[in-house]
Amino acid sequence: MMNAAIQTNIARLQIMKAKVLAALRKGENYELKTELNSEYKERRKEAVRRVIANMTVGKDVSGLFTDVLKNMHTDDLEIKKLIYLYLINYAKTQPDLVILAINTFVKDAEDTNPLIRALAIRTMGCLHVQEVLDYLCDPLRKCLKDPSPYVRKTAAMCVAKVFDLNASVAEENGFVESVREALSDSNSMVVSNAVSALVEMNDMAPDHNVWSLDSNLVSKLLTAINECIEWGQIAILETLVEYVPRDEKEAENICERVLPRLQHANGSVVLTTARLLLRYEQYVRRADLLTQFSKKMVPPLITLLSSEPEIQYVALRNINIILQRHPKLLSKEIRVFFCRYNDPIYVKYEKLDVLVRICSERNTEPLLNELKEYAKEVDVDFVSRAVQAISKLAIRYDSAAEKAIQVLLELLQTKVNHIVQNVMVAIQQIVRRYPHRFDSVIEDLCEFIDDVNEPDARAAFIWILGEHSETIANISNILTSCLESFLEEEDESVQLALVSAAVKFFLKSPQQGQALVLKALQTATEKCSNPDVRDRAYIYWRLLSADPNAARSVVLAEKPPVELENADLSPQLLEELIAELGSVSSVLQKPAKLFVYKLTEKAGVPRGSDTVGMGLGDAESTLAGGSEGKGASGGAAIDTTNEGEPELLISF
Amino acid sequence: MLSAVFIYNQKGEVLISRLYRHDVKRSVADVFRVHVISSPTAVVRSPVTTLGSTSFFHIRYDNLWLCAVAKNNASAAMVFEFLYRLLGLGVSYFGRFDEEAVKSNFVLIYELLDEILDFGYPQNMEVDTLKLYVTTESVRSRNVVESQAPQSITMQATGSTTWRRNDIAYKKNEAFVDVIESVNLILSAKGTVLRADVQGQIVMRSFLSGMPECKFGLNDKLVLDRDAASNAVGRGGNMRGSTRSRSLGTRAGGMGGVGDGESVEIADCQFHQCVRLGRFDTDRTISFIPPDGEFELMRYRTTENVNLPFKVLPVVRELGKSRVEYEVLVKSNFSSNLSATNMAVSIPTPPNATKCRIKVTGVGKAKYHPEENAIVWKISRFQGLQETSLTAVVDLAPMAKPTPWSRPPISLDFQVLMFTASGLLVRFLKVFERSNYQSVKWVRYMTKAGSYEIRI
């Protein structure tokens with residue numbers, strides 16, 4: 001009873017609160033309304049400012065539309081700009097009322113001040129309202145021919161906005177044609193905005209034949225690029241990337257003309273130039289030129305590593321892609337990728353990837369020392385990647401294995417929990433790659449048995465025990481103690497490893513192993529709830545009872561050599577990403593059609609067609625290999641524990 | 001292309017929200033806040049966040065988040081360059097760029113955002129030009145706007161030298177060149193140099209009339225070798241150039257460790273957009289029409305023959321779980337005429353340190369800073385070819401769950417005037433102008449610590 005009463009009271013209070021809030025809100029808008037209609041200019045100005053401030057934080061001020069509009073006709077540029085901002089935001093919600101503003105816009109577009117003419121035309125384009133279009137056409141036509149380049153560059157961009165809203169209006173009025181003509185404008189800023197506008201329109205409607213590059217146009221762009229501001233240079237470079245040169249001569253010429261851009265202070269100009277040079281490798285055949293290009297590319301790419309961390313990150317992701325095309329490009333520069341202690345973690349990850357990628361047999365030693373330092377750092381994920389990198393190097397280079405094992409053993413001595421787990425997995429992979437080369441160190445590993453507590457690491461450790469049961473003195477005790485906690489082992493990978501290790505031990509030394517293997521198989525078949533483990537144990541059991549020799553040939557067979565997981569992108573994806581160097585897709589290392597909806601639609605139903613399906617697969621594999629450190633290490637460990645017995649599967 | 005730009009405060013409240021295209025809604029700002037700013041994982045794993053078809057790019061500065069939004073496959077490199085440029089504009093306009101500054105100048109920021117992006121495409125972002133027509137409150141009066149003929153403003157905003165007005169006049173024509181080098185080092189615990197490089201910056205302050213054509217020369221190995229190979233006549237010309245400019249002729253008095261006539265191998269350099277890249281590419285001539293006032297003329301990087309200004313010899317012993325002992329010796333490795341200032345050596349201590357007993361033999365004062373987990377050793381002035389040392393004993397508190405100490409590196413901060421770690425020298429700066437005036441040029445050198453890490 002009491003509760004119900006309280007609840008109704010609460011409900012009543014909430015309603016009251018809502019009402020009060022609504023009144024307050026209305027109150028503020030009401031107050032603003034009065035202020036906007038004040039007879040004093042300063043108060044009106046302040047009111048407009050407050051309206052914009054409210055709009056920024058997300059309050060609804062659309063109700064003030066007409067009141068704001070009343071203040072539009074003013075000489076005060078600040079108020080004008082603020083009201084335009086308001087209009088851009090709310091025009092779509094009040095298309096009928098926008099017409100009231102048109103007069104001022106049209107008048108402004110004829111102002112003597114080019115800043116105001118440009119402002120008017122820029123804002124009108126942003127309104128995104130069909131009703132405005134008819135009124136926009138005349139001023140736009142004039143502005144495209146305006147004497148001031150500032151107005152012309154704004155008008156060129158405005159055509160793209162019109163095209164976005166209604167392509168046929170833009171075409172029928174000859175606006176698109178005017179933008180094409182603007183490519184020959186004497187002012188480079190107009191040219192670069194025209195290029196951006198044309199590219200944009202072409203992307204919106206590829207079948208409209210908005211423009212096509214020919215060599216005549218290309219030479220114009222190449223001239224403009226020297227005078228353009230940096231952003232314009234990017235626009236032109238991006239356009240040239242898509243261009244297919246007429247012949248080899250032209251391709252060479254383009255490359256040579258853009259080469260100086262590599263010295264630009266703006267990192268994105270540098271990356272876009274690199275994109276163009278890499279893309280044009282298919283058109284340029286002269287080997288000396290190609291070497292010259294890639295030689296010139298190296299220093300600027302490395303310089304990017306001293307820019308702001310975010311740009312470094314983009315650069316590193318791209319260097320990773322470039323290296324798949326030119327694996328040897330940076331092999332002399334390995335030290336510049338050494339991590340600084342205070343690098344942001346995302347930069348460290350990428351540097352680590354690049355380090356492993358460019359490491360040659362000659363510099364494994366300094367790199368392994370470096371990785372040892374990283375393995376002692378604080379970030380657990382980074383540590384795990386560093387340790388994985390050590391095993392990767394050892395697997396790739398025979399000569400590095402010795403040093404790698406030594407480094408890993410030193411790391412074990414730290415006894416830091418997460419380091420020990422990772423190291424154990426790494427050692428297993430190396431031992432698997434070089435069977436019996438490191439038998440002498442196996443014994444030392446056993447002292448860490450109590451420190452190994454993660455399933456992956458335990459499974460790895462037990463696998464090592466099984467493989468080397470003959471070299472370990474008290475193997476029987478160790479395995480027995482492991483078996484005692486068999487059912488408590490939460491993870492099936494450990495249980496599987498333990499069953500296999502017991503069988504291996506038995507086959508190698510039947511005398512000592514008999515009791516143990518019996519116990520292991522019994523526990524696994526009778527008490528274990530996991531069907532996979534039970535099945536594995538049954539298989540072993542039958543195999544052993546049917547023919548021990550056959551069992552030996554199956555269980556102790558020579559294993560296929562370990563190979564490094566291929567972290568490379570597929571050739572198609574690589575080609576695609578090279579053509580989009582510096583872009584979001586190069587950072588994500590996924591094809592653009594996966595996250596740009598416009599392209600997804602264009603590609604049709606994605607999963608149906610062959611190429612798209614392939615793209616999807618690539619994206620997933622890069623995701624698993626690159627960004628999800630934990631997942632990848634888990635997956636790899638499970639794979640390798642099963643690898644011990646692939647023959648078993650084949651023989652059945 | 002960018003669809004929107006947002007500025008948030010530390011808590012994720014939107015301070016500025018400007019949409020450029022109609023493919024995003026204002027509420028997209030909330031998506032970024034929820035997924036990145038208030039995300040429970042404290043560390044940002046990537047500055048690019050793609051959610052569905054929307055990509056968010058962010059940088060952080062002071063207590064602000066600057067975020068740009070794109071729906072297409074935009075150039076990530078360009079977006080970040082843009083955001084940093086926006087940051088630079090803010091700093092240049094308001095002195096400080098923080099929540100306070102954004103809140104009190106939001107009208108101006110909206111004006112700027114309207115000017116520097118059109119339909120999501122970056123436009124002219126040169127501070128000097130923008131300041132002509134997007135002005136702060138105090139400067140804004142109708143008279144100023146009127147007196148600057150708008151035609152000439154827009155001509156400059158779109159002209160081929162957008163960075164310079166053509167009606168600049170000074171009574172005394174001067175140019176100051178500052179060579180500022182940051183030296184980066186990673187030294188292994190065993191004392192081997194893992195990585196050493198120099199990032200140089202040449203900042204120029206030009207107070208020159210008219211449209212001056214400048215030519216700038218360094219002791220660039222490629223140029224000197226070529227000059228030596230070609231003929232002596234060309235060299236003579238250069239020499240004359242350098243004697244005319246007074247202070248440049250006398251050169252940097254006692255440049256420690258760098259003899260005259262030595263040249264420097266520049267691994268790479270980048271230039272301000274005023275420099276004609278084509279000329280540099282063909283014959284490595286640095287020629288330009290400078291902006292008025294201060295600007296960064298070029299950046300360069302050298303990796304060969306780096307003169308490390310300081311040697312640090314650390315011995316750090318962990319004695320059981322209760323004590324760490326330090327012996328750190330620092331030696332300066334430059335001419336005794338020069339001296340380093342504002343030097344600080346930060347020596348990391350384990351997080352569970354309780355007490356530090358520190359003794360400095362030589363110069364400087366050292367203090368334990370528990371909040372930084374470090375002993376900070378400050379040396380206000382440190383002469384060349386000198387040494388100083390510190391010994392410390394740090395007591396550790398017992399820990400419930402002993403985790404070993406990750407032993408972060410010792411890091412140094414310093415600046416040394418009239419010293420370049422790369423050995424770089426300015427050989428000449430020539431100014432040609434139609435009116436043929438005399439100009440005075442000055443050059444200063446400074447080397448400071450970039451990330452100077454000594455592992456222990």
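By convention in this document, chain letters (A, B, ...) are assigned in the order of the sequence lines, proteins followed by strands, and residues within each chain are numbered from 1. What you see is a predicted model, and the numbers here were worked out from it, not measured in a lab.
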Can [X] and [Y] be counted as having a side-chain donor-acceptor contact under 3.5 angstrom?
X	Y	answer
B:D268	A:T303	yes
A:K376	B:S406	no
A:E580	B:N73	yes
B:E126	B:Q273	yes
A:S268	A:N266	yes
B:S17	A:T56	no
B:E453	B:N184	no
A:E350	A:Y346	no
B:S46	A:Y313	yes

Could you work out, with salt bridge (charged side-chain N to carboxylate O under 4.0 Å, His left out) as the rule, every residue matching A:R335, not counting sequence neighbours?
none
Please list, chain by chain and in numerical order, all residues satisfying salt bridge (charged side-chain N to carboxylate O under 4.0 Å, His left out) with B:K25, sequence neighbours excluded.
none
Greatest number of heavy atom pairs closer than 4.5 Å to chain A - which of [options]:
options	answer
B:K71, B:R301, B:M78	B:R301
B:G450, B:A189, B:A77	B:A77
B:A267, B:C269, B:S27	B:C269
B:F82, B:Y20, B:W405	B:F82
B:F57, B:F6, B:F280, B:Y121	B:Y121
B:R18, B:M1, B:H58	B:R18

So which part of [X] gets closer than 4.5 Å to some heavy atom of chain B, the side chain, the backbone, both or neither?
X	value
A:E238	side chain
A:N318	neither
A:K81	side chain
A:L127	backbone
A:N417	neither
A:E373	side chain
A:V584	both
A:I302	both
A:T154	both
A:P366	neither
A:R261	both
A:A118	neither
A:K415	neither
A:N226	neither

Counting heavy-atom pairs under 4.5 Å with chain B, which one of [options] comes out on top?
options	result
A:V378, A:V57, A:N89	A:N89
A:I311, A:I419, A:V347	A:I311
A:Q263, A:M157, A:K296	A:Q263

Is chain A contacted by the side chain of [X], its backbone, both, or neither, given a heavy-atom distance below 4.5 Å?
X	answer
B:Y110	side chain
B:I16	backbone
B:L15	backbone
B:D30	neither
B:S451	side chain
B:R407	neither
B:Q199	side chain
B:R279	neither
B:E296	neither
B:Y300	neither
B:M298	neither
B:R276	neither

Report yes if the side chains of [X] and [Y] come closer than 4.5 Å at any heavy-atom pair, otherwise no.
X	Y	value
A:R317	A:S586	no
A:V336	A:L305	yes
B:Y84	B:Y61	no

Going by an N to O cut-off under 4.0 Å, is there a salt bridge joining A:R122 and B:D114?
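Looking at A:R122 and B:D114, the cut-off is met.
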N-O pairing of B:D118 and A:K161 below 4.0 Å
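A salt bridge links B:D118 with A:K161.
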Any cation-pi pair here, B:R21 with B:F119, using under 6.0 Å and within 45°?
yes
Please report the C-alpha distance between A:Q233 and A:T273 in whole Å, then the side-chain angles of each, then the deciding distance to 0.1 Å, and finally whether the side chain to side chain contact (heavy atoms under 4.5 Å, CB included) criterion is met.
CA-CA 10 Å; A:Q233 298 184 8; A:T273 311; over 6 Å; no
Out of curiosity, B:D23 CG to B:N72 CG, how far, rounded to the nearest 0.5 Å?
8.0 Å
Mind checking whether B:H272 and B:F295 have parallel, tilted or perpendicular rings, split at 30° and 60°?
perpendicular
